[in-house]
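Before any comments, here is the structure.
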Number of protein chains: 2
Amino acid sequence: MATRTGRSQRRTDALSRERIVEAAVELLDTSGESGLTFRALTERLATGPGAIYWHVANKTELLDAATDAVVAAALAVRPSESPGSPQDEVRAVALGLFEATEEHPWLAAQLATQLSRNPSGTVAPRIFESLGRQVRALGVPEGHWFTATSALMHYVLGAAGQNAANTGSARALGPGTGRAEFLDAVSTAWEGLDPGDYPFTRAVAGQVRDHDDREQFLAGIDLVLTGITALSPPREASPAEKPSRRGGAGRYPPPDE
Amino acid sequence: MATRTGRSQRRTDALSRERIVEAAVELLDTSGESGLTFRALTERLATGPGAIYWHVANKTELLDAATDAVVAAALAVRPSESPGSPQDEVRAVALGLFEATEEHPWLAAQLATQLSRNPSGTVAPRIFESLGRQVRALGVPEGHWFTATSALMHYVLGAAGQNAANTGSARALGPGTGRAEFLDAVSTAWEGLDPGDYPFTRAVAGQVRDHDDREQFLAGIDLVLTGITALSPPREASPAEKPSRRGGAGRYPPPDE
DNA sequence: ACCTGAACACCGTTCAAGT
DNA sequence: ACCTGAACACCGTTCAAGT
């Protein structure tokens, strides 16, 4: 029972912060956040804890580095290939993050904790920049850049979090058991809610069962994009119909600083 | 040094799950997630760990209960007073959650983790139901209920998470130090980013400094609401301008199950 | 039924000592 | 400069024993 488990052979190449972060991501992917311990890490890297602490200050920094690495990889997929419309670019960036949370179910919760720990870190600007460039390209007036980009980022983070939740739970149901079974379970659970307290949720339970996560996510993106486009001055479209929305007077002030 | 610390006098009333959850929330509020330990809990409640385990299965369940209690309280603020428009109701619900994450900075990250652990739990349906009823009231066609409500919920969760991040960090800067100092720090940090890598973020750094979180949050809500309203069949508004968006053919399929 | 509190396994972190 | 590994403080959880 004391034989080598996993790949704990003998280490040939030297230790490095990079290799440690890489191993941390692998551990997180395979056994979740509780699976990332210094014991498991030392075993996998065939060292002692002191060696790891030489390259990394503590576990928090290690988690942050793992999160940052995964986010950076997700945003770097397309160097500068596709020329598509700004809308398509937004969808591509968003989908990249969405798929990253699918591959790494621990990512979403970790993003939330990391942002609350260190919001001036590198991961928030990374996402913000990728989305913001497209907002600018959409022709949104500068006074609304921050609002529009924030809204996009918030939607993406929220939706990615929810998706990670579903992916993780679907896996927890057992290997091989697919998303279909999981969605079926949620749908059934929602159908079983109290009719007095949850009429709407019950009414919608059926749509849960056979929706496609990705389609759903992109539909939400389009919804936000529609709202963002409405921030732009009307080009040649219908100038009417706008004042029907409630008191838009002081809500979106023009940039005047 | 062995004198009673805090309120560890003698317990008069009996222990209960409710009292334990309440104490847990207080500990989380005052000292963050790492402050919630069974030792601190037993001291505050003047018992032993075994007593707590009689009422609560484990720490995970305790965290879930604390999260659920706080979310339920946030959504229950207005029993049925305000008659306002659906839009105003959405803003009220969203603001309730937003303020809850301000009061309880641990909430957002905890929500993410809990949803990923147990998405068929009670907290997701609670939020979903509150928002969904207003979506229905907005006249959104039934086939889009799930998409629209999900988008709202994702935005709210993402934005609340970001806000909790900011609130928490602002507090960490020191008691008394306000949001202004914190925003100034973030703004300065963004202005110091690499001009080649982060042109957009740098350009927007100024808007970070003097934005109002709540205004920003509500502006995002309105943006999503605009997108949602566009899902409704045009009442008497301009029927043109819609086919300009890309392949909307199969994107929002009508309900046909 | 409800509570006590010692005990256990495990975890993050440190540090004197090695090369 | 980089690594080893024993040791420490702390944490979640258990459980025989009490009332």
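Letters go in sequence order (proteins before strands), and every chain restarts at 1. Side chains are part of it too, since the values below use all heavy atoms of this structure and drop only hydrogens, waters and symmetry mates.
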(message) Output the pairing pattern of DNA chain C as a dot-bracket string, 5' first, Watson-Crick or G-U wobble with both distances under 3.5 Å, | for cross-strand pairs, [ ] for crossing pairs.
(response) ||.|||||...|||||.||
(request) Quick one: sort the B:F128 and B:F146 rings into parallel, tilted or perpendicular, breaks at 30° and 60°. (result) tilted
(message) How close do A:G220 and B:A151 get, counting heavy atoms only, and between which atoms?
(response) CA-CB, 4.3 Å
(message) Expressed as a whole number of angstroms, how long is the span from B:I52:CD1 to C:dT4:C1'?
(response) 12 Å
(request) Select from A:G48 and A:R39 the residue whose nearest nucleotide in DNA chain D is closer to the 5' end of that strand. (result) A:G48
(message) Side chains of A:T147 and B:Q216 only: does a donor on one sit below 3.5 Å from an acceptor on the other?
(response) yes
(message) Quick one, A:L152 and A:Q134 - any side-chain contact, counting heavy atoms below 4.5 Å?
(response) no
(request) Identify which nucleotide among D:dG12, D:dT13, D:dA1 has an atom closest to any side-chain atom of B:N58, counting heavy atoms from C-beta outward. (result) D:dT13
(request) Could you state the atom-to-atom distance from CG of A:L62 to P of C:dG12 in whole Å? (result) 10 Å
(request) Spell out, as yes or no, whether a donor-acceptor pair under 3.5 Å connects the side chain of B:R202 to the backbone of B:W190. (result) no
(request) Identify the two heavy atoms, one from A:R209 and one from A:S187, that lie closest to each other, and give their separation to 0.1 Å. (result) NH2-OG, 3.1 Å
(request) Check the distance between D:dT13's P and B:E61's CD and give it to me in whole angstrom. (result) 11 Å
(request) Starting at atom CG of B:L63, determine the distance to atom P of D:dG12, rounded to an integer number of angstrom. (result) 10 Å
(message) So if I take every side-chain heavy atom of B:L15 and compare against D:dC11, D:dC3, C:dC3, which nucleotide ends up nearest?
(response) C:dC3
(message) Using the ring centroid of each side chain, check whether A:F98 and A:F217 are separated by less than 6.0 Å.
(response) yes
(message) Nearest to the side chain of A:H55, heavy atoms from C-beta on, is which of D:dT13, C:dC11, D:dC3?
(response) D:dC3
(message) Does the protein touch nucleotides 14-19 of chain C at the base, only the backbone, or not at all? Give it as B, S and - per nucleotide, heavy atoms under 4.0 Å.
(response) BB----
(message) Using every non-hydrogen atom in the two residues, find where A:F38 and A:K59 come nearest and quote the distance to one decimal.
(response) CE1-CB, 3.7 Å
(request) Calculate the interatomic distance between B:L41 atom CG and D:dC11 atom C1'; express it in whole Å. (result) 13 Å
(message) Just the rounded figure in Å: distance from C1' of C:dC2 to CD1 of B:I20.
(response) 11 Å
(message) So, OP1 or OP2 of C:dC2: does either fall under 4.0 Å of a side-chain N or O from B:W54?
(response) yes
(message) Using side-chain heavy atoms (C-beta onward) and a distance below 4.5 Å, is A:F200 in contact with B:L131?
(response) no
(message) How many whole angstroms separate atom CZ of A:R19 from atom C1' of D:dC2?
(response) 14 Å
(request) Measure from CZ on B:F38 to P on C:dT4 and round the result to the nearest Å. (result) 15 Å
(message) Taking any heavy-atom pair under 4.0 Å as a contact, classify A:L36: base, sugar-phosphate, or nothing.
(response) sugar-phosphate
